[in-house]
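Bear in mind the structure is a predicted one, so any value in this text is a computation, not a measurement. All chains are named by letter (A, B, ...) in the order of the sequence lines, taking the proteins before the strands, and each is independently numbered beginning at 1.
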There are 2 protein chains.
Amino acid sequence: MEQTRERLLNTAADMFSTQGYAGVSMREIARVMGITQAAIYHHFPSKDALYIAAVTFVFEKQTLEISEQMSAIDSPAERLVLMISAMLEAMEEDPRFRRIYLRELLEGDEQKIAAIAENAFTAFYEPLYQLMGELAPGSDRQLHIFSLAGLIFHHLEARKLAPHLPHANEGKTTIPSLARHITNLFMYGVSS
Amino acid sequence: MEQTRERLLNTAADMFSTQGYAGVSMREIARVMGITQAAIYHHFPSKDALYIAAVTFVFEKQTLEISEQMSAIDSPAERLVLMISAMLEAMEEDPRFRRIYLRELLEGDEQKIAAIAENAFTAFYEPLYQLMGELAPGSDRQLHIFSLAGLIFHHLEARKLAPHLPHANEGKTTIPSLARHITNLFMYGVSS
DNA sequence: GTCTATAACATGATAGAC
DNA sequence: GTCTATCATGTTATAGAC
């Protein structure tokens, strides 16, 4: 079955994205899969190859899913709202992409950073670059894209911090409310 | 000498912050220190204890350094400028705090997340919570604090991504220019 | 495609000399 | 305060049977 390979990719991606490369052993992956560690080597020649395949698998899935929803038909402001919602929803449904992205940003060497730039960003980057040019002509578009990414990534991860902080709200932060908050801040700033 | 202990804390913090807990071995730390692995156990009883001590060491240093610069004498808008600059400069000079924070946010269990909330945020959180109330009365202050943190953390890490992306600027992004960008966006939004 | 068995090495931790 | 030596275990990876 070619199905085992995909299940292996999914399992490995789950574990690598939350525990990191060094934090996951082949035995652990095999145990979760319900097979022995040696069996993995029938599908991938090394831990490194499995990691790269799993990361590529997740990145392609996520960039495809998001870029599908990036229609260019609306006005710039409407397009921003749609893009923010689409990114939040896709990265909420599958947290693996954002976690691998953030982790590689922390510890990745030059080569992996370059791979991230090529694989992860090309799908979003051009539509966003175009959009920033319409929303704020003459500005540094790359800085604005990094700002938007920072808002989205950090809000999604920081939610688990919220209940432990002073002045915590009682209710959970929903994705639609996050989308509203980020859109407003990005468009009009804190005083909006 | 009590100096060895501090040098050990610094070395371990450097390595843990960039490679993560599982990515660093006691032998590697010892090799960088120029001693043998067994000697570490004279200072700390386990790898876990060393990690916790190193993280606490870095967090106390950073929160002290930043909270010193958070004067409450200026107008809200001026205070925002000063806080953003202070955080960017402190976290640029010593990247360990922000890296450990981001990593623990990714893979920390409930207990470590609670410890982060208590140790890392209390120093910034109250002054920022106060500030947000003045800048945007009636808004969700916690969401705004998370937004500001996301902007600062992500911009600092994303710089290494910039040269690999399309439309890259020739010059490097400086801390003052980052401070201006973040302040403007946070105050007035993208159209400022 | 998965198993058992094993090789070759790395890891956290301890004992005891100096 | 650091060393050498060692233990028990965990690690990636391979060989070969089924």
Please report, rounded to the nearest Å, how far the C1' atom of D:dT2 is from the NE2 atom of B:H43. 8 Å
In terms of relative ring orientation, are A:Y101 and B:H154 parallel, tilted or perpendicular, with 30° and 60° separating the classes? tilted
Roughly, in whole Å, what's the span from CG in B:D48 to P in C:dT11? 17 Å
Should A:K112 and A:E107 be marked as a salt bridge (Lys or Arg N to Asp or Glu O under 4.0 Å) after you check the CA-CA gap, both sets of side-chain angles, and the distance that decides it? CA-CA 9 Å; A:K112 279 189 181 165; A:E107 66 194 65; over 6 Å; no
Heavy-atom nearest pair, A:N119 first then A:T63, reads O-CG2, 3.7 Å
Report the distance from atom CZ of B:F44 to atom C1' of C:dT14, rounded to the nearest whole Å. 18 Å
Per A:I35 side chain, nearest of listed nucleotides C:dT4, C:dT2, D:dT2: C:dT2
Please confirm whether any donor atom in the side chain of B:R27 sits under 3.5 Å from an acceptor in the base of C:dG12, or the reverse. yes
Please determine if a side-chain N or O atom of B:S25 lies less than 4.0 Å away from the OP1 or OP2 oxygen of C:dT11. yes
Nearest-angstrom distance from the residue atom CD of B:E6 to P of D:dG1: 14 Å
Report yes if some heavy atom in the side chain of B:I145 is under 4.5 Å from a heavy atom in the side chain of A:L165; otherwise report no. no
Just the rounded figure in Å: distance from C1' of D:dG10 to NZ of A:K47. 12 Å
If you compare every side-chain N and O of B:H42 against the phosphate oxygens of D:dC3 (OP1, OP2), does one of them come in below 4.0 Å? no
Regarding B:T36, tell me which of base, sugar-phosphate or nothing describes its non-hydrogen contacts under 4.0 Å with the strands shown. base
Step by step, would you call A:R103 with A:F16 a side chain to side chain contact (heavy atoms under 4.5 Å, CB included)? CA-CA 10 Å; A:R103 192 187 307 276; A:F16 283 136; over 6 Å; no
Atom CD of B:Q37 to atom P of C:dT14: distance rounded to whole Å? 11 Å
Ranking C:dT14, D:dT12, C:dT2 by distance to the side chain of A:Y41, first place goes to D:dT12
Please report the distance, rounded to the nearest Å, between CG in A:L50 and P in D:dA13. 10 Å
Assign each of A:E28 and A:P45 to its nearest nucleotide of DNA chain D by heavy atoms, then name whichever residue's nucleotide is nearer the 5' end. A:E28
Separation of A:M26 atom CE from C:dA8 atom P, in whole Å? 20 Å
